[in-house]
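The chain is numbered in sequence order, starting from 1.
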Amino acid sequence: MLHPVPHPSKKRAAVLLSLSAVAAALASPVVAAPAPAPAPAPAPAAAAALRWSGCATPRYPTLQCASLKVPLDHDRPAGRQISLALTRVPHTAATSQGPLLVNPGGPGGSGRTLAGFVASALPKDVAAQYDVIGFDPRGVGRSEPALDCGAGHFKPVRPDSVPLDPATEQANLERVRSFAESCQTKHADVLPYVGTVSAARDLEVLRTALGAERLSYFGYSYGTYLGAVYARLHPDRVHRLVLDSVVDPGGVWYEDNLAQDQAFDARHKSFLAWVAQYDATYHLGTDPAAVEERWYAMRTALRSAPAGGKVGPAELEDTYMPGGYYNGYWPALAEAFAAYAVREDPKPLVAAYERFGAVEPSAGNSYSVYTAVQCRDSAWPRDWNTWRADMWRTHAKAPFMTWNNAWYNAPCAFWKTEPLRTPDVTNHDLPPALLFQASEDAATPFEGAVAMHDKLAGSALVVEEGGGNHGVALSGNKCLDEKLAAYLRTGQAADAVCPAQPAPKPATATRAVPPSAGGAALHGLLGFRG
């Protein structure tokens with residue numbers, strides 16, 4: 001999920017340096033022209049009462065499951081029906097505050113497991129007041145039909161993501177065009193109805209099926225945009241609204257990529273500076289610039305000799321991108337880097353790729369939904385010359401993932417389903433919403449949270465100052481978690497700043513994630529590019 005930065009030439013580290021800077025940022029007007037508001041949402045089709053059955057796991061012993069029928073086309077509620085897979089941890093308090101829907105982002109992320117995590121991570125008295133509801137959005141996971149457009153799209157070794165010659169560019173273009181065509185062939189009947197507005201209208205059907213007058217919603221990453229669109233359609237049906245790691249709604253979605261490219265480059269440099277800080281462990285040098293040179297030298301070497309026959313330049317970027325989402329992965333990534341560059345041992349790098357970068361079978365579904373939603377939600381350039389010029393311009397400033405990210409989203413240049421107009425999520429009719437944002441988040445840059453805060457009247461923004469992780473509530477920061485719990489109890493919140501958690505320390509094992517880093521369980525659920 002990708003987000004715009006209003007002034008890409010400025011360093012993101014300068015966005016937020018103190019509480020006074022936060023206040024100034026929050027007071028700044030949003031200058032982007034408003035997009036059209038979505039049409040008033042009609043009443044959803046009557047939904048049958050849900051039938052919950054036990055689907056407990058050792059970790060979540062009270063988990064229940066159900067399935068919900070929703071119209072494929074909400075404008076034709078009596079037509080074809082599809083199903084959404086749901087989970088629930090029921091409330092246990094004598095008085096309930098109703099359902100709390102949770103979403104991990106994506107688009108394309110499965111939310112069924114997130115219900116158990118959120119219910120167990122919240123304070124017991126808070127979780128007891130809510131039915132915590134997880135769901136697979138339309139097309140995702142165990143919802144039916146589930147999209148899967150192209151088997152083997154990420155099979156290694158892919159062409160180098162940076163198209164240094166016409167042949168490499170053509171090979172990448174053939175890959176993404178083939179994926180787009182495969183999607184159209186397999187799912188032409190569904191693709192026009194896979195998008196954020198359709199998913200938001202599903203939530204209203206779910207609310208009706210739950211028999212709830214209002215619902216609460218807690219979304220991470222792309223889930224913040226889905227929640228904001230639902231709230232725009234049904235502001236009178238919102239009880240609590242929590243948005244963590246917030247999408248800039250003004251840049252959905254092409255411009256978002258370009259801004260995210262620069263933010264990820266800055267975060268990758270933070271990782272390399274951390275490696276330089278621990279030269280006694282990794283022996284890659286004490287100068288961050290020199291460490292960066294060695295990383296790019298590794299990338300160059302992999303172009304002609306992929307590690308283990310699996311890790312070329314594109315796979316290397318896939319492997320290190322998760323470090324931009326969560327710094328708890330830094331020790332494992334640093335060890336793999338050092339093993340390859342210092343000890344000439346590629347095995348830890350291959351192991352890191354298999355852990356962080358390799359695509360599992362289920363990822364074909366999540367990527368298919370990601371693409372279908374992003375390509376449907378808004379217009380993308382159809383002229384590849386526009387992409388090429390924008391990517392080379394951005395790559396010159398941010399080489400870490402610009403082209404990798406371009407190819408990830410490039411099927412939208414060849415998408416046949418007509419795009420929708422992006423809705424304006426400006427909302428003056430909501431109860432107070434609560435937003436969480438790390439100041440140095442790469443996946444959803446800080447400026448997006450400021451823009452959403454401005455659009456949601458009466459909302460509160462809690463900033464993790466100096467933090468760079470994506471998804472910060474319920475990841476171990478006591479200050480943030482206390483504010484979340486207080487809001488879910490009372491509905492009251494105020495703008496605030498919390499200090500970031502300490503950076504991780506080196507670990508000796510490639511697969512180790514140090515407990516001090518916090519958030520490993522959450523980030524295992526949120527996934528990457530979400």
Side-chain angles (χ1 to χ4, degrees), residues 1 59-60 102-106 109-111 113-123 126-127 132 134 218-224 242-246 263-264 267-268 270-271 274 319-335 352 355-357 434-446 449 462-485 487-488 496-507 509-530:
M1 198 222 24
R59 181 171 293 181
Y60 308 126
V102 296
N103 181 272
S110 169
T113 305
L114 189 62
F117 171 82
V118 169
S120 63
L122 287 170
V126 176
V132 183
F218 179 8
Y220 291 94
S221 191
Y222 163 78
T224 67
V242 182
L243 309 179
D244 186 322
S245 304
V246 185
F264 262 100
R267 193 65 181 151
H268 186 58
S270 295
F271 160 66
W274 179 88
T319 303
Y320 281 80
M321 192 177 298
Y325 285 86
Y326 175 50
N327 64 6
Y329 300 138
W330 287 4
L333 295 173
E335 171 58 25
R355 179 184 177 193
F356 298 118
L434 178 61
L435 283 58
F436 290 99
Q437 183 70 35
S439 63
E440 308 306 315
D441 184 351
T444 52
F446 176 73
V462 178
V463 177
E464 187 183 49
E465 184 173 7
N469 289 340
H470 180 68
V472 291
L474 302 183
S475 67
N477 187 316
K478 182 180 178 181
C479 175
L480 299 175
D481 293 350
E482 287 177 345
K483 296 184 186 308
L484 171 63
Y487 172 76
L488 290 176
V497 173
C498 291
Q501 297 186 83
K505 300 293 185 182
T510 300
R511 292 185 177 271
V513 175
S516 61
L522 173 64
H523 288 85
L525 296 175
L526 298 186
F528 312 128
R529 299 199 194 248

Can you tell me how far CG of L114 sits from CG of L474, rounded to the nearest 0.5 angstrom?
->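 Reported value, rounded in 0.5 Å steps: 9.0 Å.
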
Once you round to the nearest 0.5 Å, how far does CD of E464 lie from CZ of F446?
->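 So the CD of E464 and the CZ of F446 are separated by 12.0 Å.
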
Can you confirm whether [X] sits close enough to [Y] that some side-chain heavy atom of one is under 4.5 Å from a side-chain heavy atom of the other?
{"X": "V242", "Y": "L488", "result": "yes"}
{"X": "C498", "Y": "K483", "result": "yes"}
{"X": "Q501", "Y": "S475", "result": "yes"}
{"X": "Y487", "Y": "V462", "result": "no"}
{"X": "Y60", "Y": "F117", "result": "yes"}
{"X": "R267", "Y": "N469", "result": "yes"}

[X] side chain to [Y] backbone, donor-acceptor under 3.5 Å:
{"X": "D244", "Y": "F218", "value": "no"}
{"X": "Q437", "Y": "T444", "value": "yes"}
{"X": "S245", "Y": "G471", "value": "yes"}
{"X": "S439", "Y": "G466", "value": "yes"}

If you compare all heavy atoms of [X] against all heavy atoms of [Y], which two are closest, and at what distance to 0.1 Å?
{"X": "S110", "Y": "P104", "value": "O-CG, 3.3 Å"}
{"X": "A263", "Y": "P445", "value": "CB-CG, 3.9 Å"}
{"X": "A507", "Y": "P331", "value": "N-CB, 3.6 Å"}
{"X": "G468", "Y": "A438", "value": "N-CB, 4.2 Å"}
{"X": "T224", "Y": "G219", "value": "CG2-O, 3.4 Å"}

Checking side-chain contact (heavy atoms from CB on, under 4.5 Å) for the pair Y326/L526: CA distance, chi angles, key distance, verdict?
-> CA-CA 10 Å; Y326 175 50; L526 298 186; over 6 Å; no

Determine, step by step, whether N327 and W274 satisfy the side-chain contact (heavy atoms from CB on, under 4.5 Å) criterion, reporting the C-alpha distance in whole Å, the side-chain angles of both residues, the deciding distance to 0.1 Å, and the verdict.
-> CA-CA 10 Å; N327 64 6; W274 179 88; over 6 Å; no

Could you tell me how the ring of H470 sits relative to the ring of Y325: parallel (under 30°), tilted (30 to 60°) or perpendicular (over 60°)?
->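 Plane angle over 60°, so perpendicular.
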
For the ring pair Y220 and Y222, is the centre-to-centre distance below 6.0 Å?
->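 Here the rings of Y222 and Y220 have centres that are no less than 6.0 Å from each other.
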
